[in-house]
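Working notes for the structure below.
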Amino acid sequence: MSIITKSFIRRADRDDLDILIRWMEDEDFQYFLYGDPTRSPRTIREQIVGFLSKNAGSPIPASVYFIIDSPEGPLGMVSLQNISWRNRACNLDVYIAPQHRNHLTTGINVFRALEYAFDELNLHRITAIVYAFNKPSWKLLEFLGAQRELTLKDHITRNGVWYDVYVYGLLKEEFHTWREKNSEHTKELTLHKMAESIRSHLEKSL
Amino acid sequence: MIKKTHAIIRSADRFDAKALMTFYFHKPVFASLLDTKREPLMPNQSELEELLQHKDALQSFYAVENKQGDVRGFVVLKGINPEALFGEMMLLFENEIYETEAVLIHEALEFVETRAFQQLHLRKLMTTCLDEEEDLRRFLISNFYQCEGVMREVLFTCGKWHNLETWAKFCIITDTPV
């Protein structure tokens, strides 16, 4: 059985600023990703502008920010950050807007971001840092073949409770093994297929 | 300046730049000297002098001398997270010091743990160790540090991939979260 989706990933640009600010002000964004509740809206805005300007189409970018988009509008974002060209490694972050949280859409687009990281940027390793209470995220990483490498005991606090932080690692060959094993389900979802579909839409609109 | 039984521990200053630079030439590199992307740095002497005269360094970067006044290594307490109450420790000592003057490292560790747990009220002290830093690993184990896991193939140097271990020790008396 193959799966079909209308969602796709594209590079974030300055037109995405408003929606990115809205997402970053979402309590969940701070709770699950960047948990510093003291940041002012201006700091958040400056941070977003900063990363959008870093997101230029450089052949060796320091980070890559993708918007998970759909015909109905943006659903979330997935980013490859702290890219080390020496170690061919980066960190993966994912955010999906509350009304669009759907395991399938998230999984498909994280899969595409991983394809971009391993097949296009030729990275060797992806690291993802996930809080222990964010079970859907670490379950997804495990589903995609990532291994839990670190368990940082009592490493963060949320609402007065200590939580562990998990660090996951996924190596290029592990991802390729996973993709080969699941090729029947993923063949219509690849980055390559997605790009073909976008190109075909563009051609029709000319 | 702290005078221990065998070691003298003092804030490092720009005159320690040369001694510090020798650690950057160590192969394979020290895990403690990797940057946030886990890439080895290659600072020159003037950059290290600048680093060591910065006020943050004066409060976190300590030179460890023996009684003869020779700098034998460095100990650093950095990356303090005031919300989650943890900090990162760097122990920079050549392998031979673990064999010949281990007491200096013990006293340096005692100093940094006192500073972290009693003066700064941290709950957790962390450090990293590359797969080839066997002396450091043994030292951490013997001082009740627990391994929190291994990041695989995270650093490429000397023509091969290296794994990076994370070690941690909790303060025995734990505080209520902030």
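Atom set for the values below is all heavy atoms of this structure, side chains included, hydrogens, waters and symmetry mates excluded. Letters go in sequence order (proteins before strands), and every chain restarts at 1.
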Check whether more than 12 heavy atoms from other residues, nucleotides or ligands sit under 6.0 Å from atom NZ of B:K18, and answer yes or no. no
When rounded to the nearest 0.5 angstrom, what is the spacing between CE in B:M151 and CD in A:Q147? 12.5 Å
Engaged part of B:T157 at the chain A interface, taking heavy atoms whose separation is under 4.5 Å: both
Can you tell me how far OG1 of A:T127 sits from CZ of B:R152, rounded to the nearest 0.5 angstrom? 9.5 Å
Out of B:N81, B:V150, B:N163, B:D35, return the one with the most heavy atom pairs under 4.5 angstrom to chain A. B:V150
Under 6.0 Å from the NE2 atom of B:H26, do we count more than 12 heavy atoms belonging to anything else shown? yes
Presence of salt bridge, A:K172 and B:E153, under 4.0 angstrom: no
With a 4.5 Å limit on heavy-atom distance, are the side chains of A:L152 and B:T166 in contact? yes
Can you confirm whether B:R123 sits close enough to A:H155 that some side-chain heavy atom of one is under 4.5 Å from a side-chain heavy atom of the other? no
Quick check against the 3.5 Å criterion: does A:R86 have a side-chain atom that pairs as donor or acceptor with the backbone of B:F156? yes
Toward chain B, the part of A:R125 with a non-hydrogen atom under 4.5 Å: side chain
Could you tell me whether A:H201 atom NE2 has more than 12 heavy atoms of other residues or ligands within 6.0 Å of it? no
Other residues, nucleotides, ligands: >12 heavy atoms within 6.0 Å of A:E142 CD: yes
Please determine if A:K153 and B:E148 form a salt bridge, counting it only when a charged side-chain N lies under 4.0 Å from a carboxylate O. no
Would you say A:E180 has more than 12 foreign heavy atoms packed within less than 6.0 Å of its CD? no
Run the numbers on A:D154 and B:K124 for salt bridge (charged side-chain N to carboxylate O under 4.0 Å, His left out), then give the verdict. CA-CA 9 Å; A:D154 289 354; B:K124 187 180 182 183; over 6 Å; no
Can you tell me if A:N82 uses its side chain to pair, donor with acceptor, with the backbone of B:T36 under 3.5 Å? no
Between A:W85 and B:K37, is any pair of side-chain heavy atoms under 4.5 Å apart? no
Exceeds 12 heavy-atom contacts within 6.0 angstrom, atom CD of B:E50: no
What heavy-atom pair brings A:I156 and B:A84 nearest, and what distance separates the two atoms? CA-CB, 4.2 Å
